[in-house]
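FYI, side chains are in, hydrogens and waters are out, and symmetry mates aren't considered; it's all heavy atoms of this structure. Per chain, numbering begins at 1; letters A, B, ... match sequence-line order.
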Amino acid sequence: MQFRAPKGTTDILSDIATKWQYLERKATELFKAYGYKPIITPIFENTEVFQRGIGSSTDIVQKEMYTFEDKGGRSLTLRPEGTAPVIRAYIERNMNQLPQPVKLYYMGPMFRYERPQAGRYRQFWQMGVEAIGSDDPAIDAESILLLMNYFKAVGLKELILYINSMGCESDRPKYIQVLREYAGENRKRLCRDCQKRIELNPLRLFDCKDESCLVVMGDAPKLIDYLDEGCRRHFGTVKHYLEMQGMTYIIKPELVRGLDYYTKTTFEIVSPLLGAQNAIGGGGRYDRLVEEFGGPPTPGMGFALGTERLAIAIEEEGVSIPTEDKNDVFIAVADDVVKPAAINLLYALRSRSVGTDVDYMGRSLKAQLRAASRRGFRYTVFLGSQELEIGIVAIRDMESGEQQEVKLSELVQYFSGIMERV
RNA sequence: GUGAUCGUAGCUCAAUCGGUUAGAGCGUCGGACUGUGGCUCCGAAGGCUGAGGGUUCAAGUCCCUUCGGUCACCCCA
């Protein structure tokens, strides 16, 4: 085998691609219902967009970016996530001149240089929304509710919603200092990795699975308790709006997320059926990001969901996705001399949006029937010299096997009628 | 970036202590009295055993390297 798809990438074959199209169609409907409009940004950006947007200390920027130089010597990067490009576009295209908030959604591939594993690929697909310009906690709740409702709309049932508040920039340094002190006092009871985390990234201490660490961190001070008055009230209102819609959630104080730009609300939705990479969607508020990009102080809130993880979860839950067979009519050609007439009929039907196909393999009539059957056509039309002469063709229902005769001149009418009824 | 594990037809798998022309099921294609599918039966095509090197009289099988898959860590969708 000479050529293979690059490591961590794969071809999405028709069966799965069809399901993805359904998922994207459903998402589009719902995003639209919530007032979001589409935006399509470039698949690569100047590298600084991500360095600045995501934060240069994050794993994404430090080790996961597909960065390359183009022939003009520019450093470009395949987008590892969708928020930074949207914010760049918001500022570049002066969307602060539009009525606020600006509510946008996107869907498409993202790229991260990581070791592949279950639910993780180097090219993966995300759908996401961003609401830029409002700091209303109702927007936070809307984002969370939209994502949860979408998952429910496509049939998922077993979901866990985690929420947290990261506080403002002013809260976090204060808290981190407290956390460091606490961890330092208990240093001996922490595992080696965690001892390093005290300096590197103390928030990560909460993620350790080591038993001793779990005990220590169970009693650790929580960020939520160090929020200032405004952040606390904001978080309370978000929770209230969630409860009003009957949404149950679990507060997870250690929910930090690996992007530097989050402030206040963060959330994550997990499917317990998924394996190690079980976050199927997540997001949060980013009130400093626009400023970070050099724009005016502008709050924002958004989420992203992983399309393949969603598809896997749906598969695991055994939810069936409706797939439609576009090909409805097969024209079986009994005699080579009528092939031109068959082709005419083919395009006549297609022009009326009746999914139609013929044999292109020079098959015998029997083989044509077999192929039509395997490909799942609903009807087969028999066309031969006789039919052409008398102007009447046989239509076979491929499920029941019953046949009926229809005038050739009325055939197009006949099928477009049937298809409209369906 | 770290670790574990695996790599034989399109797919799922066989192949005794290393031992002749590497097999099967499914799928694909064709046929079973001349213009009618699905079931059944028959037949055909399809593999440099991931790649490269080594050990051996002999390698799918043992060793090394490399590429890739899978799973986990880190982290995330």
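- In this model, the phosphate group of C71(B) is not approached by any side-chain N or O of Q117(A) to a distance below 4.0 Å at OP1 or OP2.
- A salt bridge links D357(A) to R350(A): one of the charged nitrogens lies within less than 4.0 Å of a carboxylate oxygen.
- In the interface, the side chain of E268(A) is not paired with the base of A77(B) through any donor and acceptor atom under 3.5 Å apart.
- Judged by atom type and distance alone, K63(A) does not reach the base of C75(B) through any side-chain donor-acceptor pair under 3.5 Å.
- Among residue pairs with one or both ends in residues 370-410 of chain A, none qualify as disulfide bond (SG atoms under 2.5 Å apart); sequence neighbours excluded.
- The side-chain hydrogen bond (donor to acceptor under 3.5 Å, both in side chains) pairs that include a residue from residues 395-404 of chain A are R396(A)-Q403(A), Q404(A)-Y414(A), where partners are two or more places apart or lie in different chains.
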Could you pull out all donor-acceptor pairs under 3.5 Å where a side-chain atom in residues 147-162 of chain A meets a protein atom, sequence neighbours excluded?
residue	atom	partner	partner atom	Å
N149(A)	ND2	Y34(A)	OH	2.8
N149(A)	ND2	L145(A)	O	3.1
Y150(A)	OH	L23(A)	O	2.7

Fill in: Footprint string (nucleotides 32-40 of chain B, 5' to 3'): B base within contact, S backbone only, - free, heavy atoms under 4.0 Å
S--BBBB--
Can you pull every protein N or O that's under 3.5 Å from an N or O on nucleotides 3-7 of chain B?
residue	atom	partner	partner atom	Å
G3(B)	N7	R115(A)	NH2	3.4

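- Annotation: salt bridge (Lys or Arg N to Asp or Glu O under 4.0 Å) contacts involving residues 333-348 of chain A, sequence neighbours excluded, are absent.
- Residues that satisfy the ring pair (Phe, Tyr, Trp, His ring centres under 6.0 Å) test with F330(A), not counting sequence neighbours, are F377(A).
- Among pairs with a residue in residues 276-292 of chain A, those fulfilling salt bridge (Lys or Arg N to Asp or Glu O under 4.0 Å) read D140(A)-R285(A), E169(A)-R288(A), K264(A)-D287(A), R285(A)-D287(A), R288(A)-E291(A), at least two apart in sequence or across chains.
- Applying the salt bridge (Lys or Arg N to Asp or Glu O under 4.0 Å) test to residues at least two apart or on different chains, the pairs with a partner in residues 30-49 of chain A are E45(A)-R88(A).
- Pairs engaging residues 310-319 of chain A under the side-chain hydrogen bond (donor to acceptor under 3.5 Å, both in side chains) rule: none recorded [sequence neighbours left out].
- Partners of F293(A) by ring pair (Phe, Tyr, Trp, His ring centres under 6.0 Å), not counting sequence neighbours: none found.
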Worksheet item: Dot-bracket for RNA chain B, 5' to 3', with Watson-Crick and G-U pairs under 3.5 Å, [ ] for crossing pairs and | for other-strand pairs: what is it?
Response: (((((((..((((.....[...)))).(((((.......))))).....(((((..]....))))))))))))....
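- Of the side-chain N and O atoms in R363(A), one or more sit less than 4.0 angstrom from OP1 or OP2 of G30(B).
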